There are 2 protein chains.
Amino acid sequence: MPEHYLTIRQMCDAYDVTPRTLRFYEAKELLSPVRQGTRRLYTRRERARLKLVLRGKRFGFSLEDIRQLLDLYDTSGQNLAQIQRAHELAKERLGDMIRQRDELTVAIDDLRQQMDWGSEVIASLTSTSTSAAE
Amino acid sequence: MPEHYLTIRQMCDAYDVTPRTLRFYEAKELLSPVRQGTRRLYTRRERARLKLVLRGKRFGFSLEDIRQLLDLYDTSGQNLAQIQRAHELAKERLGDMIRQRDELTVAIDDLRQQMDWGSEVIASLTSTSTSAAE
DNA sequence: AGTGAAGTTGACGTGAACGTAAGGGATACG
DNA sequence: CGTATCCCTTACGTTCACGTCAACTTCACT
């Protein structure tokens with residue numbers, strides 16, 4: 001299976017980001033594409049990481065937060081202490097995410113109610129003509 | 001029932017924000033406290049709005065996004081067209097929020113799995129001594 | 001009238017997350 | 001060999017969401 005590489009442009013098209021963004025993420029150590037001479041080539045691993053970065057951003061995590069999360073996704077050869085530390089960190093993050101989802105659920109219900117009320121208002125205004133004639 | 005006002009400092013203490021933040025939100029038309037002379041006094045309405053602002057921020061919405069959301073929370077005396085427009089807007093936001101929650105659910109499950117795997121690694125490393133002596 | 005605490009308006013500073021040129025290499029094609 | 005097309009680095013500019021500091025009022029006391 002011949003590792004299928006993508007150029008920076010192909011990445012941009014595939015994930016709807018700019019080259020600047022990919023280079024920026026690399027500078028922040030979120031990505032580390034291989035080099036063919038001076039050019040960047042992105043592997044399957046980088047694509048997976050980018051997906052996680054973009055997802056994390058939608059949750060409101062900072063790039064630094066995301067970097068730490070990513071670092072525990074490939075706990076490549078570390079010692080026990082580091083793994084345990086990473087595990088603790090992940091636990092906190094998980095707590096954050098769960099709290100966030102719970103809040104989001106509440107907000108969704110709120111907005112739904114508000115919209116139901118809005119629907120009624122609209123219905124009453126469209127059926128019984130109140131002020132303006134048609 | 002005598003509308004219970006809060007000073008800016010009381011607001012800051014209650015919601016853990018700085019005065020600068022409250023004034024900034026006011027400049028962005030997210031809040032509009034009444035004035036007693038030159039000083040700001042915050043009503044129940046402002047407190048509710050602030051809560052929504054802080055919640056929205058945790059979801060990764062920009063202040064401008066939040067302002068639009070707030071504007072449909074108090075659809076105070078508008079015409080039908082405006083209400084309908086607001087309703088459409090709310091529908092889009094609601095879609096965003098639901099999508100966001102779904103993604104968050106996936107991410108949570110992902111992280112949970114990753115952590116389970118991490119737990120196993122830790123367990124195996126703590127029971128059978130591998131490299132380092134104790 | 002003096003002093004201090006709390007509040008006000010500017011105005012400039014800051015960190016995060018990129019945008020936007022400016023100028024230079026490498027590779028392919030006619 | 002020219003030039004067209006990507007790509008690269010360097011570096012300064014920008015937007016958002018405030019932080020920070022300066023220079024006043026305003027109010028409550030004493």
Side-chain angles (χ1 to χ4, degrees), chain A residues 4-43 46-47 49-71 89 93 96 100 103, chain B residues 3-43 46-47 49-71 93 96 100 103:
Chain A
H4 185 237
Y5 296 106
L6 290 188
T7 70
I8 198 169
R9 177 100 327 259
Q10 292 172 324
M11 285 290 281
C12 293
D13 294 345
Y15 297 97
D16 193 34
V17 292
T18 68
R20 178 67 176 100
T21 299
L22 293 180
R23 297 191 194 106
F24 183 74
Y25 288 172
E26 185 175 347
K28 293 285 170 168
E29 298 181 81
L30 294 167
L31 301 177
S32 45
V34 297
R35 297 296 182 114
Q36 164 195 292
T38 156
R39 305 189 165 173
R40 294 166 171 84
L41 289 180
Y42 296 85
T43 70
E46 303 312 308
R47 298 196 289 276
R49 288 175 71 95
L50 179 55
K51 272 190 217 172
L52 290 173
V53 171
L54 298 178
R55 174 183 287 171
K57 282 199 56 185
R58 278 194 296 280
F59 305 151
F61 288 131
S62 74
L63 293 186
E64 175 54 25
D65 286 346
I66 295 171
R67 194 185 61 74
Q68 297 190 27
L69 267 173
L70 280 175
D71 285 356
L89 221 166
R93 297 297 186 198
D96 285 351
Q100 203 175 140
E103 279 186 63
Chain B
E3 261 290 13
H4 187 234
Y5 296 106
L6 291 187
T7 70
I8 198 167
R9 177 104 321 265
Q10 292 171 325
M11 284 290 282
C12 293
D13 293 346
Y15 297 97
D16 194 32
V17 292
T18 68
R20 178 68 177 97
T21 299
L22 293 180
R23 297 193 194 105
F24 182 74
Y25 289 171
E26 185 175 345
K28 293 285 170 167
E29 297 179 83
L30 294 166
L31 301 176
S32 46
V34 297
R35 296 297 182 113
Q36 165 196 294
T38 154
R39 304 192 165 172
R40 295 168 171 82
L41 288 180
Y42 296 85
T43 69
E46 303 313 307
R47 298 197 288 275
R49 289 175 72 96
L50 179 55
K51 272 190 214 170
L52 289 174
V53 171
L54 298 178
R55 176 184 286 170
K57 284 198 53 187
R58 279 195 295 280
F59 305 152
F61 287 130
S62 73
L63 293 186
E64 174 55 25
D65 287 345
I66 294 171
R67 193 186 61 76
Q68 296 192 27
L69 268 173
L70 281 176
D71 284 355
R93 298 294 186 199
D96 286 352
Q100 203 175 137
E103 279 185 64

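Because the structure is a prediction, the values reported are computed rather than measured. The chains referred to below are lettered A, B, ... by the order of the sequence lines, with proteins before strands, and numbering in each begins at 1. Side chains are part of it too, since the values below use all heavy atoms of this structure and drop only hydrogens, waters and symmetry mates.
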- line: Of Arg35(B) and Glu64(A), the one whose closest nucleotide on DNA chain C sits nearer the 5' end is Arg35(B)
First-last contacting nucleotides on DNA chain C - partner chain A, under 4.0 angstrom, heavy atom: dA17(C) to dA26(C)
field: Distance in angstrom units between Gln10(A) CD and dC6(D) C1', rounded
entry: 12 Å
Side-chain heavy-atom pair Gln36(A), Val34(A) within 4.5 angstrom cut-off: no
query: Between Gly37(B) and Lys57(B), which has a closest nucleotide on DNA chain D that is more 5'?
result: Lys57(B)
N/O donor-acceptor pair, side chain Arg20(B) with base dT20(D), under 3.5 angstrom: yes
query: Once you round it to whole Å, what is the distance between C1' of dC7(D) and CD of Glu26(A)?
result: 13 Å
task: Give a yes/no answer on whether the side chain of Tyr25(B) brings an N or O atom under 4.0 Å of OP1 or OP2 in dC18(D).
output: yes
message: Within the structure provided, determine whether Asp65(A) and Asp96(A) are in side-chain contact (heavy-atom separation under 4.5 Å).
response: no
- prompt: Just by modelled atom types, is the Gln100(B) backbone N or O under 3.5 Å from a matching donor or acceptor in the Arg58(A) side chain?
  reply: no
query: Does any non-hydrogen side-chain atom of Phe24(A) lie less than 4.5 Å from one of Leu63(A)?
result: yes
query: When the distance from CD1 of Ile8(B) to C1' of dT26(D) is rounded to whole Å, what number comes out?
result: 15 Å
task: State whether the distance check finds a donor on one side and an acceptor on the other, under 3.5 Å, for side chain Arg39(A) versus base dC6(D).
output: yes
- prompt: Separation of Leu22(B) atom CG from dA17(D) atom C1', in whole Å?
  reply: 13 Å
field: Close side-chain approach of Tyr15(A) and Lys51(A), heavy atoms under 4.5 Å
entry: yes
- request: Would you mind telling me which of Arg35(B), Arg67(B), Arg20(B) makes a salt bridge (Lys or Arg N to Asp or Glu O under 4.0 Å) with Glu26(B)?
  value: Arg35(B)
- prompt: What is the nucleic acid contact for Arg23(A), judged by heavy atoms within less than 4.0 Å: base, sugar-phosphate only, or nothing?
  reply: base
field: Whole-Å gap separating P (dA17(D)) and CZ (Arg58(B))
entry: 16 Å
message: For a quick test of reading the model: is some side-chain N or O of Thr18(B) closer than 4.0 Å to OP1 or OP2 of dG19(D)?
response: yes
- prompt: Is there a side-chain contact between Arg39(A) and Thr7(A), using heavy atoms and a 4.5 Å cut-off?
  reply: no
